[in-house]
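Presented below is the structure to which this report refers.
Start at 1 with the first residue, then count along the sequence. Just the heavy atoms: all of them, side chains too, but no hydrogens, waters or symmetry mates, feed the values below.
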Amino acid sequence: MENAQNDMAHYHLPGLFEFYELYRAFLPLFREHQEYFYDWCDIGSIYGAPADCIWGGGRVGFGDNDPQEVLALMKEYGISARLTFSNSLLQEEHLSDKQCNRLCALFNEAGGNGVIVHSDLLLEYLKKSYPNLYFVSSTTKVLTDFQEFADEVNREDFRYVVPDFRLNKAFDKLNTLTIAQKDKVEFLCNECCWFGCTDRKKCYENVSRKNLGENCEDHHCTAPGGNEGYRFSEAMTNPGFISAQDIREIYLPMGFSNFKIEGRGLGSAMILEFLLYYMTKPEYQIHVREAIYLDSMLDLF
């Protein structure tokens, strides 16, 4: 066991394209009013994908903002941009897709950006074609077996690995990791999926098929509460939920520092709630809400 307490939590936030307008309003607040926010956290990256990207996975992207503008905003605030290209069903013929390659070329040239991947086929292609990108092993792999997860962490291909949320509280096993291994772990904090779900891979595969343009029915979730949609209040009761207090009092002292917030398929109002809960001091949350709500250019609902 190796512990080297981390003093800073790095959040990896959803909606690079999907919630560009929200971040354009939020990031100036985050920079100009540091007193509003916890001094033990920052933004490590923002991830997402535009609409109609066949390499996309996890969720069907719906953002339509100009990639140049998106990258310019991230560069202005020194934040890494990640493309969510976690489609698990890609074949050789999909690698020539012009839109996805243009995005990778743009992100590669800008430097400091990454790609979240599932497919090893895509990973090998991106490594050769876009050497300036770093790679994140996607939670869509559903790594629930700890040894399989540890093996993934040990792969040199990945800067970060996102385990399935059901490993979040496996503290005895997590604490056997070395400092170098812990630095690569990126926990998914706010998953609402049923802890006992056995269809998670099928759900992700359905999204992959839709992104490939296949005519298929929506995945029908049979889990308890599966038809109710995402509710943060429900996510907080999930056995795998990682609270802001957990991060500060458990994970940082254990040597972990990277935390992913899900939510690309949700509305910007819900993303704002995540930013308030995880990053904003309670006494200043009303100030952030007012500043965002009063932004006439932003439609939160």
Side-chain angles (χ1 to χ4, degrees), residues 8-20 23-24 27 31 42-59 61 63-88 90-141 152-162 180-186 208 211 257-261 264:
M8 186 66 68
H10 309 297
Y11 286 121
H12 304 277
L13 303 176
L16 179 65
F17 294 88
E18 297 89 340
F19 304 119
Y20 167 79
Y23 289 118
R24 195 170 67 165
L27 292 176
R31 172 181 286 177
D42 64 14
I43 300 173
S45 74
I46 302 178
Y47 64 92
D52 302 321
C53 283
I54 67 169
W55 294 356
R59 297 290 183 270
D64 59 0
N65 290 96
D66 181 83
Q68 295 275 12
E69 293 181 352
V70 169
L71 279 176
L73 182 66
M74 296 301 103
K75 182 178 180 180
E76 180 180 354
Y77 290 94
I79 297 171
S80 178
R82 293 181 181 177
L83 293 164
T84 306
F85 283 166
S86 53
N87 194 306
S88 62
L90 297 175
Q91 302 296 321
E92 192 75 34
E93 62 265 25
H94 298 132
L95 299 181
S96 61
D97 182 79
K98 291 183 179 179
Q99 180 186 11
C100 294
N101 275 285
R102 279 196 298 266
L103 284 166
C104 286
L106 188 64
F107 278 54
N108 180 75
E109 183 179 355
N113 302 312
V115 181
I116 303 170
V117 294
H118 182 129
S119 165
D120 280 346
L121 176 68
L122 179 61
L123 173 65
E124 292 304 315
Y125 173 75
L126 294 175
K127 284 165 56 181
K128 294 175 183 177
S129 303
Y130 306 105
N132 293 332
L133 296 173
Y134 68 85
F135 302 102
V136 181
S137 177
S138 174
T139 192
T140 62
K141 295 181 181 181
E152 191 82 353
V153 170
N154 289 333
R155 291 179 62 178
E156 294 183 359
D157 294 324
F158 298 118
R159 183 178 296 185
Y160 303 103
V161 176
V162 186
Q181 289 172 319
K182 289 179 178 181
D183 285 342
K184 293 180 67 174
V185 179
E186 185 177 313
S208 291
N211 281 329
S257 59
N258 289 286
F259 303 91
K260 179 175 183 176
I261 309 300
R264 285 196 301 139

Salt bridge (charged side-chain N to carboxylate O under 4.0 Å, His left out) partners for Lys75, two or more places apart: none

Could you check whether any side-chain heavy atom of [X] comes within less than 4.5 Å of a side-chain heavy atom of [Y], counting everything from C-beta outward?
X: Ser88; Y: Thr140; result: no
X: Asn101; Y: Lys98; result: no
X: Ile79; Y: Leu13; result: no
X: Val162; Y: Ile116; result: no
X: Asp157; Y: Phe135; result: no
X: Lys127; Y: Val117; result: no
X: Asn108; Y: Pro131; result: yes

Tyr130-Asn113 side chain donor-acceptor pair, cut-off 3.5 Å: no

Donor on one side chain, acceptor on other, Gln181 and Asn154, under 3.5 Å: yes

Electrostatic pair Glu18:Arg264 at N-O distance under 4.0 angstrom: yes

Tyr160 and His12 aromatic ring geometry - parallel, tilted or perpendicular at 30°/60° bounds: tilted

Backbone N/O of Gln99 and side chain of Trp55: donor-acceptor pair under 3.5 Å: no

Expected output: side-chain Asp42 to main-chain Met8 donor-acceptor under 3.5 Å: no

Partner set under ring-ring contact (aromatic ring centres under 6.0 Å, His included) for Tyr20, not counting sequence neighbours: none

Contacts of type side chain to side chain donor-acceptor pair (under 3.5 Å), residue Asp120, not counting sequence neighbours: Arg155

